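One structure is given here, and the rest of the page talks about it.
Quantities reported herein were computed from a predicted structural model and do not represent experimental measurements. In what follows, chains carry the letters A, B, and so on, assigned in the order in which the sequence lines appear, proteins first and then strands, with residues in each chain numbered from 1.
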Amino acid sequence: MTVRVRFAPSPTGFMHLGNARTALFNWLFARHHGGEFILRIEDTDRERHTEAAVQVIYDSLKWMGLNWDGPVLRQSERLAIYHEVAEKLIAEGKAYRCNCTREELEAKKEAMKDTVNRSCYDRTCRDKNLGPDCGTHVVRFKMPLEGESSFDDMIQGKITKSYKDLDDFIMIRSDGMPTYQFAVVVDDLALQITHVIRGSDHIDNTHDQIALYHALGKEPPRFGHAPRILGLSKRKGSPSVEYYREALGLLPEGLNNYIARLGWSHGNDEIFTMDELVKAFDICDVNQANGQFDEEKLIWVNEQQLHIVPIEKLASYVIPLFEKAGIHVEAGEWLNKLLEMMRMRAHNLNEIVSGSRFVFVAPETYDEASVAKHFNADTPELLNALADELEKLDNWDPAAIEAMMKAFAEARTLKMGKVAQPARTAIVGIAQSPSIGDTIWFVGQKEACARLRKAAEYAKSLG
RNA sequence: GGCGGGUUCGUCUAGUGGUUAGGACGCUGGCCUCUCACGUCGGUAACACGGGUUCGAGUCCCGUACCCGCUGCCA
């Protein structure tokens with residue numbers, strides 16, 4: 001039997017990190033077992049979903065690299081099937097029509113308020129055998145009254161619940177739309193889903209769903225309920241893939257790696273490529289306990305991925321960000337070299353762009369602290385002399401530039417820092433940049449000399 | 001309230017009856033060094049609590065506390 005799993009989000013307009021992890025776990029499970037990963041849009045709540053919201057799901061999944069198999073299923077397009085199944089269950093006495101009004105239900109609930117178990121519908125209509133002509137009505141599932149429901153969760157272990165705590169839940173609403181609880185079973189059956197991996201907030205629903213499978217004479221799939229991610233408040237904007245991607249300059253590999261490790265582990269391993277994740281992922285190794293989201297660690301994991309992704313891939317991530325910053329770059333050897341230089345000192349994609357800016361744009365101002373620390377009365381002469389030397393250099397190469405500067409410093413009995421730091425400030429605008437040879441090399445001979453001379457003028461103006 | 005789950009450093013976690021309770025993030029000290037970083041070597045800090053079972057319990061059982069979820073004609 002080939003493994004078939006699905007990710008079934010409802011289109012809310014953004015991809016919540018918790019949902020993203022559910023998608024990842026499903027995808028990893030499918031790829032690990034050579035199975036299929038199906039995408040289904042849960043849009044039975046017609047008020048809430050829009051096409052733009054559906055597009056967000058596609059975009060986020062694509063960015064994360066979680067490609068799905070086959071066509072996307074839309075619940076809203078399958079109304080007829082739900083009714084067919086509901087009618088069949090009614091005919092078999094396994095479901096029934098209920099014309100209790102919302103007001104009546106509300107009143108009953110209010111009356112039951114102080115009783116021991118106030119959570120269930122009182123089953124007024126259960127044995128009335130109401131026909132389709134009973135007015136406005138819903139269709140309810142006829143839950144067994146005695147015994148207990150139990151299933152072996154791939155993550156949580158054995159979970160048991162007594163039928164007396166289970167409700168005659170609604171399958172079809174009075175407006176004819178199926179409820180999630182009902183549609184999910186019909187759809188998972190139609191898609192021949194073998195394993196359902198979802199958030200632990202669905203644990204209690206599972207008993208209802210299994211009862212439905214039994215009523216339909218079908219074998220339920222295996223379930224795996226992943227713990228929740230805590231601490232994703234809306235405080236900093238919506239806790240979504242889109243938000244963190246931009247705010248933190250994430251690589252998909254970084255997000256995936258972090259999110260996978262939150263609630264799942266593989267010995268002491270921390271950093272995984274996507275291939276390694278697929279190989280190592282086992283749903284049984286997922287934790288039962290909820291986990292606290294830790295942005296600091298996300299940042300660190302992302303940084304580690306920044307260090308190891310193939311350089312061409314890194315280039316493809318970063319080129320659009322450069323464009324956005326008004327800097328045009330093209331893929332190629334030169335860009336790769338720049339990225340190799342920057343990736344180790346940047347913590348994320350955004351910092352690669354901001355840290356590389358000096359290569360393309362001359363500083364307009366000089367950082368105050370850097371000037372205070374590295375510029376003095378000798379600086380104009382020093383920078384001009386250095387520019388002279390640089391101009392004479394006919395071997396334009398980072399190592400040669402550095403060697404020249406070392407010799408330059410030595411000739412003046414200065415330490416390297418006394419030359420490199422003023423030069424760096426002059427060229428970058430701040431005394432922080434990659435190694436001085438690389439820094440100058442990337443700026444280019446002519447431009448570097450110009451910046452040195454310009455800074456010399458500036459230093460002179462300081463008096 | 002009822003029901004279902006959970007509980008190892010601040011955080012993510014390893015651990016499946018005998019360990020100096022390990023790793024990672026963070027924080028912190030040193031080294032490296034032309035700066036910023038990277039890296040590297042150290043330090044910091046945990047078995048929620050109370051009862052059992054056992055020669056021996058973070059590991060098994062029970063209770064308490066706390067946390068999460070469900071209790072919708074939301075998904």
* Asked: Would you call B:C49 syn or anti, using the 90° rule around 0?
  -> anti
* To do: Calculate the interatomic distance between A:Met344 atom CE and B:U33 atom P; express it in whole Å.
  => 18 Å
* Separation of the C1' atoms in B:G43 and B:G23, to the nearest angstrom -> 16 Å
* Parallel under 30°, tilted from 30 to 60°, perpendicular over 60°: which one fits the rings of A:Trp264 and A:Phe281? -> tilted
Show each protein N/O and nucleotides 41-46 of chain B N/O combination with a separation under 3.5 Å, one pair to a line.
none

* Distance between C1' atoms of B:U8 and B:G15 (Å, rounded) -> 9 Å
* Separation between the C1' atoms of B:G6 and B:A48, rounded to whole Å -> 12 Å
* **Positions of residues 16-25 of chain A (non-hydrogen atom under 4.0 Å from RNA chain B), listed by number** => none
* **For atom CG of A:Leu339 and atom P of B:A37, their distance in whole Å** => 21 Å
* Quantified in whole Å, what is the C1' atom distance between nucleotide B:U44 and nucleotide B:C25? -> 14 Å
* Do any side-chain nitrogens or oxygens of A:Arg173 fall under 4.0 Å of OP1 or OP2 in B:A75? -> yes
* **Contact list for RNA chain B against residues 426-439 of chain A - heavy-atom distance below 4.0 Å** => A:Ala431, A:Gln432, A:Ser433, A:Pro434, A:Ser435, A:Ile436
* Is the number of heavy atoms from other residues, nucleotides or ligands within 6.0 Å of CD (A:Gln55) greater than 12? -> yes
* hbond_proxy A:Glu270 side chain to B:G23 base (donor-acceptor, 3.5 Å cutoff) -> yes
* Can you list every pair that meets side-chain hydrogen bond (donor to acceptor under 3.5 Å, both in side chains) and has a residue in residues 133-148 of chain A, with sequence neighbours left out? -> none
* Asked: Can you find a side-chain donor-acceptor pair between A:Gln421 and A:Arg424 that sits under 3.5 Å?
  -> yes
* Asked: Considering only B:C38, B:G10, B:U13, which nucleotide approaches the side chain of A:Asn287 most closely?
  -> B:U13
* To do: In whole angstrom, give the distance that lies between atom CG of A:Asn268 and atom P of B:U8.
  => 17 Å
* Check: A:Asn99 side chain, A:Cys134 main-chain N or O, donor-acceptor pair, under 3.5 Å -> yes
* Structure fact -> By nearest-heavy-atom nucleotide on RNA chain B, the more 5' of A:His202 and A:Arg228 is A:Arg228
* Asked: Considering Watson-Crick and G-U wobble pairs with both distances under 3.5 Å, what does B:U53 pair with?
  -> none
* How are the rings of A:Phe223 and A:Phe151 set relative to one another: parallel (under 30°), tilted (30 to 60°) or perpendicular (over 60°)? -> perpendicular
* Rounded C1' spacing from B:U13 to B:G58 in Å -> 14 Å
* With respect to the phosphate group of B:C73, does any side-chain polar atom (N or O) of A:Ser174 fall under 4.0 Å of OP1 or OP2? -> no
* To do: Select one nucleotide: of B:A75, B:C3, B:C34, the one nearest the side-chain heavy atoms of A:Met416.
  => B:C34
* To do: Measure the acute angle between the ring planes of A:His16 and A:Phe14, then classify it against the limits of 30° and 60° as parallel, tilted or perpendicular.
  => tilted
* Using a cut-off of less than 4.0 Å, is there contact between a side-chain N or O of A:Gln288 and OP1 or OP2 of B:G6? -> yes
* Asked: Can you say whether the rings of A:Tyr180 and A:His202 are parallel (under 30°), tilted (30 to 60°) or perpendicular (over 60°)?
  -> tilted
* To do: Please state the P separation for the pair B:C49 and B:G10 - nearest whole angstrom.
  => 12 Å
* Asked: Roughly, in whole Å, what's the span from NZ in A:Lys418 to C1' in B:U33?
  -> 15 Å
* Pair A:Arg451 + A:Glu447, salt bridge at N-O below 4.0 Å -> yes
* Nearest-nucleotide wise, let me know which of A:Asn290 and A:Asp285 is further upstream toward the 5' end of RNA chain B. => A:Asp285
* Could one point to a donor on the side chain of A:Asp204 or the base of B:G4 with an acceptor on the other under 3.5 Å away? -> no
* Structure fact -> Of the listed B:C73, B:C38, B:G23, the closest approach to the A:His347 side chain comes from B:C38
* Asked: Between B:U20 and B:G30, how far is it from one C1' atom to the other, in whole Å?
  -> 24 Å
* To do: Verify, without hydrogens or angle tests, whether A:Asn384 (side chain) and A:Pro380 (backbone) share a donor-acceptor contact under 3.5 angstrom.
  => yes
* Asked: Judged by modelled atom types alone, do A:Ser433 and A:Thr439 share a side-chain donor-acceptor pair under 3.5 Å?
  -> yes
* Ion pair present between A:Asp188 and A:Arg40, side-chain N to carboxylate O less than 4.0 angstrom? -> yes
* Thinking salt bridges, do A:Lys108 and A:Glu104 make one under a 4.0 Å N-O criterion? -> no
For residues 348-361 of chain A, please give each side-chain donor-acceptor pair under 3.5 Å, one per line with the distance, not counting sequence neighbours.
{"from": "A:Asn348", "atom 1": "OD1", "to": "A:Asn350", "atom 2": "N", "distance (Å)": "2.9"}
{"from": "A:Asn348", "atom 1": "OD1", "to": "A:Glu351", "atom 2": "N", "distance (Å)": "2.8"}
{"from": "A:Asn348", "atom 1": "ND2", "to": "A:Leu248", "atom 2": "O", "distance (Å)": "3.4"}
{"from": "A:Asn350", "atom 1": "ND2", "to": "A:Glu246", "atom 2": "O", "distance (Å)": "2.9"}
{"from": "A:Glu351", "atom 1": "OE1", "to": "A:His347", "atom 2": "N", "distance (Å)": "3.0"}
{"from": "A:Glu351", "atom 1": "OE1", "to": "A:His347", "atom 2": "ND1", "distance (Å)": "3.1"}
{"from": "A:Ser354", "atom 1": "OG", "to": "A:Asn350", "atom 2": "O", "distance (Å)": "3.3"}
{"from": "A:Ser354", "atom 1": "OG", "to": "A:Glu351", "atom 2": "O", "distance (Å)": "3.4"}
{"from": "A:Ser356", "atom 1": "OG", "to": "A:Ile352", "atom 2": "O", "distance (Å)": "2.6"}

* **N or O in side chain of A:Gln209 less than 4.0 angstrom from B:A75 OP1/OP2** => no
* Could one point to a donor on the side chain of A:Asp269 or the base of B:A24 with an acceptor on the other under 3.5 Å away? -> no
* Asked: Any Lys/Arg nitrogen of A:Arg6 or A:Glu42 sitting under 4.0 Å from an Asp/Glu carboxylate oxygen of the other?
  -> no
* Let me know the distance between CG of A:Asp208 and P of B:G4, rounded to the nearest Å. => 14 Å
* Min side-chain heavy-atom separation A:Pro434-A:Met344 under 4.5 Å -> no
* **Nearest-nucleotide pick for A:Ile203, side chain only, options being B:A37, B:U11, B:G4** => B:G4
* Asked: To the nearest angstrom, how far is A:Asn257 atom CG from B:C12 atom C1'?
  -> 12 Å
* Check every atom of B:C36, B:G6, B:C73 against the side chain of A:Arg345 and return the nucleotide holding the closest atom. => B:C36
* Asked: Looking at the side chain of A:Trp300, which of B:A24, B:G23, B:A75 is the nearest nucleotide?
  -> B:A24
* To do: Considering just the side-chain nitrogens and oxygens of A:Lys109, establish if one lies under 4.0 Å of OP1 or OP2 belonging to B:G72.
  => yes
* To do: Using both distances under 3.5 Å as the test, list the Watson-Crick or G-U wobble partner of B:G69, or none.
  => B:C3
Below 3.5 Å is the cut-off: list the nitrogen or oxygen pairs between protein and nucleotides 30-32 of chain B, distance only.
none

* Closest to the A:Ser265 side chain, choosing from B:C25, B:U13, B:C73 -> B:U13
* If only atom types and distance count, is the side chain of A:His83 paired as donor or acceptor with the main-chain N or O of A:Gly176 below 3.5 Å? -> yes
* Asked: B:C34 base to A:Glu402 side chain: any donor-acceptor pair below 3.5 Å?
  -> yes
* To do: Taking atom C1' in both B:A21 and B:U59, compute the distance separating them and give it to the nearest angstrom.
  => 11 Å
